[in-house]
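So the structure is just underneath, and the comments pick up after that.
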Amino acid sequence: MYDHADDLPDGALLSGFDICIVGAGAAGIALAQGLAHSSLKVILLVSGSPGDRGAPAEAHQALYDGTIGEFLRQVDPAFLRRSRLNMYGGTTNHFGFWAKPLDAADYQPRPGYRDASWPIDPDDLRQYYEAAHAFGHFGPFNYDDMDFWERVLYARCFDALPGDRLKGAIMRAQYEENLHDFQVQFRRQLEVAENITVLFNAHLLSIRTDEDQRQVRELRCSTIVTDSSGAGAAGQTFRLRARRYVLACGGIENVRLLQLSGDLGNNRRDMLGRGFMVHPLLTNAARVYFAEPVATDIRNFFREQQIRLKPPGDGAGAYRHMVEPLVNPELVFEYLVFNAWGVLAPTPQTLLDERIGNFRIILYFRDEGTSAIVNLNWEQTPDENSRITLNPEQRDPIFGQPVAHVDWRLNEIDKRSAVRSLEITLEYLRGHGARRHEMITDVSGGADSWTFPPHAGALETGDHHMGALRMSASPADGIVDANARLHSVDNLYIAGSAIFPTGGYANPTLTIVALALRLADHLMSLRW
């Protein structure tokens, strides 16, 4: 059911819900989908409106203004606004749903690189990864089936040589807006689900707990009213009570809301907001030159291509790769259409030997096939000095609350990961026919020494906000437990990539959705 907070009387109290989900991006919508048609009464608080597409209302997006540290300012001064959207569907409104599960090595501690690890068995996530996969209409969950991908991409990775330290890996993307905008794909299902209320223009201000901060008692919320010019102001307030609560407002805002609520969930090591990570990028790291044109099928492996598959009619059997022209365009609805391409990634042994972060390399070949740009994306180590705090010196323009301050940093381990990733890649490419290379970016110097914009080889930030509410087995090592519940609060959970203990190199949305669906099953398994 769709409803609107604007219709509530000022000071209203909403109650009688089993679960309140705050936030309707990838995590919140996936969680609501997982709870739809269950016996639980659920309310989903949405900052935007039912018709949201593309870009948020300016008054709502203004809440995402904030301040950033000096290093982040050099890299991406527009980071806070550019990399997240405050609207129905959240940041799914401007992404292409790049998808790949985390590697097995990403869950484990790696001596000499990082101690952080996931307190869950990656095998337990497989069924949820498969369910999350359906959100992107990505076809079979077969990332490791290279025979399949070489067939449908008309491609092969470089032929394996003894001593290779890299291997091929597959990524996928979904660019169809009716699918990657989650609020569009799942609008009808959420609107008709009898057990779910989707409440629009509902903004969480703070979380109220009992005296010991062990139980959330209610949420304090408000609407936003806008005038004819689009300027916003605080509207009517309301309170909401449920038996359990889930914050699903993104990797930065979830932290800010807990800090606005008296540092709710913090542990003795003061880890709330610490360990903030993104995927650093060097999209123009180097150019490599080959002695002879690289074979077309090898170049095809690294070329993003649209794939059209016909699912097996009985739910079992093989997917058929469709290459025939569509005589009737409406037939496209019988197929799964998405994009796929290959990348280079380190072998597990390489990661252990080198003690560096996981990474992926995209090669962008020029038409003649004799040169390629090396694009690097790598894993950042959890660093407690890279953190999110409140800035009491600056207030948001709607509710007058302190804004988030994001002091993102890279340390010496991160710099070494970038340097060694490129060295290993260039060594691999020399073994496969490259005769020389030229660096576009400068990776010499210390942790703060990078090529910065507007240079072509500049360091960039990925839009993946991870790690500041780390999942851990022990309260001493993180903020939430293996079921995404705050260690210190009995009825409050977190959905989204803020709980990632490590980030790997894979885009996080597939894992975000898988964890949200896992959380839905956990919540339904509890005694109510």
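- Atoms OG and CD1, from Ser222 and Ile398 in turn, are 9.5 Å apart once rounded to the nearest 0.5 Å.
- For the atom pair Lys415 NZ and Asp448 CG, the distance stands at 8.5 Å (nearest 0.5 Å).
- Of the charged side-chain nitrogens involved, at least one lies within less than 4.0 Å of a carboxylate oxygen, so that Arg126 and Glu130 count as a salt-bridged pair.
- Rounded to the nearest 0.5 angstrom, Asn377 CG and Ile362 CD1 are separated by 7.5 Å.
- In this structure a side-chain-to-backbone donor-acceptor pair under 3.5 Å is present from Thr91 to Leu85.
- The pair Glu379-Arg110 meets the salt-bridge criterion, since a charged nitrogen lies less than 4.0 angstrom from a carboxylate oxygen.
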Which is it for Gln127 and Leu517 under the side-chain contact (heavy atoms from CB on, under 4.5 Å) test, yes or no, and what are the steps along the way? CA-CA 10 Å; Gln127 63 173 309; Leu517 297 176; over 6 Å; no
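- No hydrogens or angles considered: a donor-acceptor pair under 3.5 Å links the side chains of His405 and Thr67.
- Remark: the Asn385 side chain and the Arg274 side chain contain no N/O donor-acceptor pair separated by less than 3.5 Å.
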Please step through salt bridge (charged side-chain N to carboxylate O under 4.0 Å, His left out) for the pair Arg81 and Glu58, ending with a clear verdict. CA-CA 11 Å; Arg81 273 205 171 210; Glu58 176 56 30; 2.7 Å; yes
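- Judged by distance alone, the side chain of Thr381 and the main-chain N or O of Arg114 form no donor-acceptor pair under 3.5 Å.
- Checked by atom type and distance alone, the side chain of Thr226 never pairs as donor or acceptor with a backbone atom of Ala231 at under 3.5 Å.
- For the pair Met171/Asn507, a side-chain contact is recorded, criterion being any heavy-atom separation below 4.5 Å from C-beta on.
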Take Phe338 and Tyr175 through the ring pair (Phe, Tyr, Trp, His ring centres under 6.0 Å) test and state the conclusion after the steps. CA-CA 7 Å; Phe338 56 92; Tyr175 296 119; over 10 Å; no
Go through Tyr143 and His133 one step at a time and tell me if the ring pair (Phe, Tyr, Trp, His ring centres under 6.0 Å) criterion holds. CA-CA 11 Å; Tyr143 288 83; His133 213 244; 5.4 Å; yes
Would Ile19 and Val246 satisfy side-chain contact (heavy atoms from CB on, under 4.5 Å), going step by step from the backbone distance to the final call? CA-CA 7 Å; Ile19 300 171; Val246 182; 4.3 Å; yes
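- Heavy-atom minimum distance, Ser497 versus Pro508: CB-CB, 4.4 Å.
- Residue Tyr2 holds its OH atom at 5.5 Å from CZ of Arg187, rounded to the nearest 0.5 Å.
- Test Thr441, Val75, Leu459, Asp442 against Trp450 for side chain to side chain contact (heavy atoms under 4.5 Å, CB included) and you get one pass: Leu459.
- Side-chain rings of Phe500 and His465 stay apart, their centers remaining 6.0 Å or farther from each other.
- Note that the OG atom of Ser417 and the CD1 atom of Ile356 stand 5.5 Å from one another [nearest 0.5 Å].
- With sequence neighbours left out, the ring-ring contact (aromatic ring centres under 6.0 Å, His included) criterion links Phe238 to no other residue.
- Residue Asn491 is tested with Arg244, Arg214, Gln215 for a side chain to side chain donor-acceptor pair (under 3.5 Å); the sole match is Gln215.
- Between Arg485 and Asp490, at least one side-chain nitrogen of the basic residue sits less than 4.0 Å from a carboxylate oxygen of the acidic one, meeting the salt-bridge criterion.
- Here the two rings, on Phe359 and Trp378, have centers that are 6.0 Å apart or farther.
- Although no hydrogens or angles enter the test, the distance criterion places no donor-acceptor pair under 3.5 Å between the side chain of Lys41 and the main chain of Asp18.
- A donor-acceptor pair is defined here as one N or O able to donate and one able to accept, closer than 3.5 Å; no such pair exists between the side chain of Asp52 and the backbone of Met87.
- Within the 4.5 Å cutoff, the side chain of Val278 has heavy atoms near those of the Phe79 side chain.
- In terms of modelled atom types and a separation under 3.5 Å, the side chain of Asp227 and the main chain of Ser229 share a donor-acceptor contact.
- Between the side chains of Asn358 and Asp103, at least one donor N or O lies within less than 3.5 Å of an accepting N or O.
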Trace of the salt bridge (charged side-chain N to carboxylate O under 4.0 Å, His left out) decision for Arg53 with Asp181: CA-CA 8 Å; Arg53 294 292 296 271; Asp181 289 6; 3.3 Å; yes
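- Ring pair Phe186/Phe135 is tilted by interplanar angle, where 30° to 60° counts as tilted.
- Distance check: Met524 CE to Leu519 CG gives 9.5 Å after rounding to the nearest 0.5 Å.
- Residues Arg208 and Arg239 form a side-chain contact, since some pair of their non-hydrogen atoms from C-beta on lies under 4.5 Å apart.
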Yes or no on side-chain contact (heavy atoms from CB on, under 4.5 Å) for Leu45 and Phe200, after CA distance, side-chain angles and deciding distance? CA-CA 6 Å; Leu45 301 190; Phe200 293 98; over 6 Å; no
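- For the residue pair Thr223/Gln236, the side-chain donor-acceptor check at 3.5 Å is satisfied.
- Ionic pairing of Asp477 and Arg470 is not present here: no N-O contact between side-chain nitrogen and carboxylate oxygen is shorter than 4.0 angstrom.
- Remark: side-chain polar atoms of Asn93 are paired, donor with acceptor, to backbone N or O of Tyr88 under 3.5 angstrom.
- Under the 6.0 Å cut-off for aromatic ring centres, Phe138 and Phe97 qualify, their centroids lying closer than that.
- Using a 4.0 Å cut-off between a side-chain N of Lys or Arg and a carboxylate O of Asp or Glu, Arg73 and Asp76 do not qualify as a salt bridge.
- For the residue pair His487 / Ser472, a side-chain donor-acceptor distance below 3.5 Å is found, with atom types taken as modelled.
- A donor-acceptor pair is defined here as one N or O able to donate and one able to accept, closer than 3.5 Å; no such pair exists between the side chain of Lys100 and the backbone of Leu510.
- For Phe71 and Trp408, the gap between ring centers is short of 6.0 Å.
- Between Val225 and Gly235, the closest heavy-atom pair is CG1-CA, 4.0 Å.
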Only pairs under 3.5 Å count here: list side-chain donor-acceptor contacts from residues 249-256, not counting sequence neighbours, and write none if there are none.
{"residue": "Glu253", "atom": "OE2", "partner": "Arg256", "partner atom": "NH1", "Å": "2.7"}
{"residue": "Asn254", "atom": "OD1", "partner": "Cys249", "partner atom": "N", "Å": "2.8"}
{"residue": "Asn254", "atom": "ND2", "partner": "Gly250", "partner atom": "O", "Å": "3.3"}
{"residue": "Arg256", "atom": "NE", "partner": "Pro402", "partner atom": "O", "Å": "2.9"}
{"residue": "Arg256", "atom": "NH2", "partner": "Asp396", "partner atom": "OD2", "Å": "3.3"}
{"residue": "Arg256", "atom": "NH2", "partner": "Pro402", "partner atom": "O", "Å": "3.0"}

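- Applying the ring pair (Phe, Tyr, Trp, His ring centres under 6.0 Å) test to residues at least two apart or on different chains, none of the pairs has a partner in residues 241-262.
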Please step through side-chain contact (heavy atoms from CB on, under 4.5 Å) for the pair Met271 and Glu384, ending with a clear verdict. CA-CA 7 Å; Met271 292 181 68; Glu384 294 188 12; 3.8 Å; yes
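- The backbone N or O of His279 lies less than 3.5 Å from no partner atom in the side chain of Tyr505, so there is not a single donor-acceptor pair.
- Checking side-chain atoms of Asn267 against main-chain N and O of Pro475 turns up a donor-acceptor pair under 3.5 Å.
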